[in-house]
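Data block below; observations after.
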2 protein chains.
Amino acid sequence: MAKPVVPDPRRTLTLRDVSEASGVSEMTVSRVLRNRGDVSDGTRERVLEAARRLGYVPNKIAGALASQRVNLVGVIIPSLSNMVFPEVMTGISDVLEDTGLQPVVGVTNYLPEREESVIYEMLSWRPSGLILAGLEHSEASQAMLAQAGVPVVEIMDIDGTPVDSAVGISHRRAGRQMAEAIVAAGYRRIAFLGTQMPNDHRAKKRLAGFEEALAREGLQLADREFYSGGSALLKGREMTEAVLKRSPDVDFLYYSNDMIGAGGLLYCLDQGIDVPGRVGLAGFNGVELLDGLPRRLATMDACRLDIGRLAAEIIAGKRPDGIVGGEIIELTPTLQPGDTIRKV
Amino acid sequence: MAKPVVPDPRRTLTLRDVSEASGVSEMTVSRVLRNRGDVSDGTRERVLEAARRLGYVPNKIAGALASQRVNLVGVIIPSLSNMVFPEVMTGISDVLEDTGLQPVVGVTNYLPEREESVIYEMLSWRPSGLILAGLEHSEASQAMLAQAGVPVVEIMDIDGTPVDSAVGISHRRAGRQMAEAIVAAGYRRIAFLGTQMPNDHRAKKRLAGFEEALAREGLQLADREFYSGGSALLKGREMTEAVLKRSPDVDFLYYSNDMIGAGGLLYCLDQGIDVPGRVGLAGFNGVELLDGLPRRLATMDACRLDIGRLAAEIIAGKRPDGIVGGEIIELTPTLQPGDTIRKV
DNA sequence: AAACTGGCTGTTAGCGGTAACTTATCAATC
DNA sequence: GATTGATAAGTTACCGCTAACAGCCAGTTT
């Protein structure tokens with residue numbers, strides 16, 4: 001029967017403790033705990049029992065140093081609070097789950113210098129791979145990533161040149177597509193409402209694509225309004241009110257994300273404005289949240305789950321055909337017309 | 001002038017490379033890079049220049065093993081996607097920022113066995129501390145935490161016995177308080193709408209406190225409805241419809257979180273139901289999202305930012321008076337009556 | 001019977017840093 | 001001029017674990 005163990009509270013346990021408690025060498029304990037190499041059933045049992053009894057937790061720091069292998073994948077994203085990255089994380093976790101790899105999240109708050117230090121910090125732990133949002137990074141960041149010697153996957157966006165691999169959609173094209181759909185539905189006085197953030201490159205690209213497509217139709221933005229910080233839903237309301245007051249003849253509002261779009265929708269409904277007759281509305285992302293709105297907001301899903309999945313597959317070396325790196329995967333977002341664009 | 005460096009792409013750089021490139025010992029390089037000990041300005045310059053030129057990134061694995069110090073704080077939470085934890089994370093990051101400590105997030109999806117393995121995984125990296133949501137953990141988890149030899153802070157909840165320290169609110173009391181306010185406002189036929197999850201202990205405690213306070217007034221729940229999964233906003237709508245159809249005489253709906261509460265609110269407004277006259281509504285959390293709703297939902301803020309801050313301060317040893325551990329900090333949530341409870 | 005398996009276990013030498021100590025140098029002090 | 005103390009380096013010995021290899025002992029194989 002297991003003897004009562006009085007663990008010395010000051011010292012943390014090592015392999016040696018387990019090896020002494022079970023009467024075998026440290027190496028054998030190591031083998032048992034990692035399920036590697038041949039160990040007889042009897043020995044395995046004794047070792048496991050001892051480890052359990054002592055409450056031994058292996059020291060991965062030492063293990064990683066010795067084996068030169070770290071089962072961590074760094075995931076670097078701009079923000080946790082905007083509903084888009086949690087889903088990406090889900091995709092990543094799903095795939096990594098059964099590879100022995102573990103995601104570690106770092107947040108940059110859309111600050112390039114913060115991104116730089118997060119990258120540095122992550123690389124200093126020698127992860128098996130890095131997944132990071134966006135293609136725009138400081139020069140120093142790019143250099144670090146290129147030197148890192150591990151797979152790097154840049155996600156969300158493919159309008160640009162990745163350091164290594166990329167998985168995402170073309171935001172430029174997404175903007176274009178939305179503009180085309182809006183114009184095709186007969187809207188002509190179109191306004192843009194979006195975020196101020198200078199480092200939200202993807203929103204900027206969508207806007208650029210959007211304006212480009214409008215220009216091709218001989219149109220230009222009738223108005224624009226920006227915000228930063230605060231409750232997105234509330235900001236959506238406020239901006240919508242501002243635009244409609246300032247430019248009463250505007251007939252479409254294109255929002256840079258679904259959350260402010262939802263705020264705008266609620267405002268219009270409050271005011272009894274005919275949607276999509278008097279004004280049409282569209283957002284971007286396809287967040288689940290929208291399902292519960294009084295009316296379904298037109299949007300474009302950003303393939304977030306798939307992006308996470310594919311990125312993780314590249315890191316885990318699970319992509320078919322042994323493609324090693326330098327892969328660029330473009331996903332195609334689909335327009336969800338909802339109920340806020342006139343049917344043609 | 002800096003010689004062009006042709007880094008061997010197969011081998012990752014070590015201190016030795018920098019030491020050779022700058023003509024000093026590894027130890028001196030180590031000192032420069034960590035800003036520790038006395039190094040002459042000239043040497044410091046040369047070392048930094050060499051490190052920069054080579055693109056050297058220190059190996060924290062080796063550093064941590066040698067120094068027995070890891071600047072990581074594990075943060076274990078049930079989910080990223082419910083708006084409550086991002087704010088906790090913000091509080092944690094704020095405080096940790098200037099302590100040299102770095103948060104590392106792990107997600108359990110409300111699964112105890114998953115929590116167990118996340119704890120194990122985290123402890124195997126020998127972090128400087130652990131912050132985890134909730135007081136309910138498997139026996140094995142508790143044992144690991146108790147043995148870990150690092151500060152452990154359990155957050156969000158204080159109705160129970162923490163392993164070490166705890167920072168949170170009393171959900172039982174929060175539920176009671178809300179019930180009292182509702183009854184005081186004159187509502188009598190009260191329904192509860194909430195999550196199904198057996199492991200959302202905090203929601204359960206709120207409900208328990210709620211029912212307890214009702215009982216004290218000689219009341220009991222008129223109806224209840226549960227959901228799991230899916231878009232919370234949509235579920236809020238559906239559940240509200242179901243309850244109001246099934247129990248037309250219900251005059252108050254208490255939701256276990258703001259998101260489903262918002263869905264319920266939108267439903268009622270759609271249906272032209274008089275809120276708060278015909279039915280009153282209340283949620284829980286005080287999420288920012290609510291600011292943009294057509295009407296402000298009654299709720300109770302959960303002090304998420306402060307919880308994060310205080311937890312991080314405990315880990316960082318920043319708490320006043322040198323309290324070392326075993327601290328229990330109870331925060332007091334405030335009722336935000338909004339516009340969905342009748343004024344008395 | 002010698003040689004050869006294959007299964008199981010132990011030994012040795014690091015992994016890349018850092019703590020703690022030692023050594024050289026040099027100006028200031030007595 | 002010898003002593004001291006501060007400063008700026010270098011040396012040595014690990015940190016806890018694993019890769020690689022070596023040993024040993026049945027049970028074949030020839």
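Labels below follow one simple rule: chain letters A, B, ... track the order of the sequence lines, proteins then strands, and each chain is numbered from 1.
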Query raised in the report: Would you say T28(A) reaches dG10(C)'s phosphate, i.e. side-chain N/O to OP1/OP2 under 4.0 Å?
Result: yes
Query - Pairing residues for D41(B) by the salt bridge (charged side-chain N to carboxylate O under 4.0 Å, His left out) criterion, not counting sequence neighbours - result: R44(B)
Report summary line: Output for pair (I119(B) CD1, I76(B) CD1), nearest 0.5 Å, gives 5.0 Å
Requested in this report: Do nucleotides 14-23 of chain C as a string where each nucleotide becomes B, S or -: B if the base has a protein heavy atom under 4.0 Å, S if just the sugar-phosphate does, - if no protein is that close.
Outcome: BBBBSBB---
Report summary line: Rounding to the nearest 10°, end axes of the helix from dA1(C)-dT30(D) to dC30(C)-dG1(D) built from five pairs each make an angle of 60°
Query raised in the report: Can you name the salt bridge (charged side-chain N to carboxylate O under 4.0 Å, His left out) partners of E113(A), sequence neighbours left out?
Result: none
Query - Non-neighbouring partners of R202(A) that pass salt bridge (charged side-chain N to carboxylate O under 4.0 Å, His left out), sequence neighbours left out - result: none
**Report entry** Residues that T108(B) engages under side chain to side chain donor-acceptor pair (under 3.5 Å), provided they are two or more places apart
**Finding:** none
Query - S128(A): partners by side chain to side chain donor-acceptor pair (under 3.5 Å), with sequence neighbours left out - result: none
**Report entry** Start and end of chain B contact along DNA chain D [non-hydrogen atoms, under 4.0 Å]
**Finding:** dA8(D) to dG16(D)
Query - Residues forming a side chain to side chain donor-acceptor pair (under 3.5 Å) with S124(B), sequence neighbours excluded - result: none
Report summary line: By salt bridge (charged side-chain N to carboxylate O under 4.0 Å, His left out), E26(A) pairs with (sequence neighbours left out) R16(A)
Requested in this report: Please list, chain by chain and in numerical order, all residues satisfying side-chain contact (heavy atoms from CB on, under 4.5 Å) with D94(A), sequence neighbours excluded.
Outcome: T90(A), R309(A)
Requested in this report: Name all residues meeting the side chain to side chain donor-acceptor pair (under 3.5 Å) criterion together with E87(B); count only those two or more places apart in sequence or in a different chain, and write none if there are none.
Outcome: R304(B)
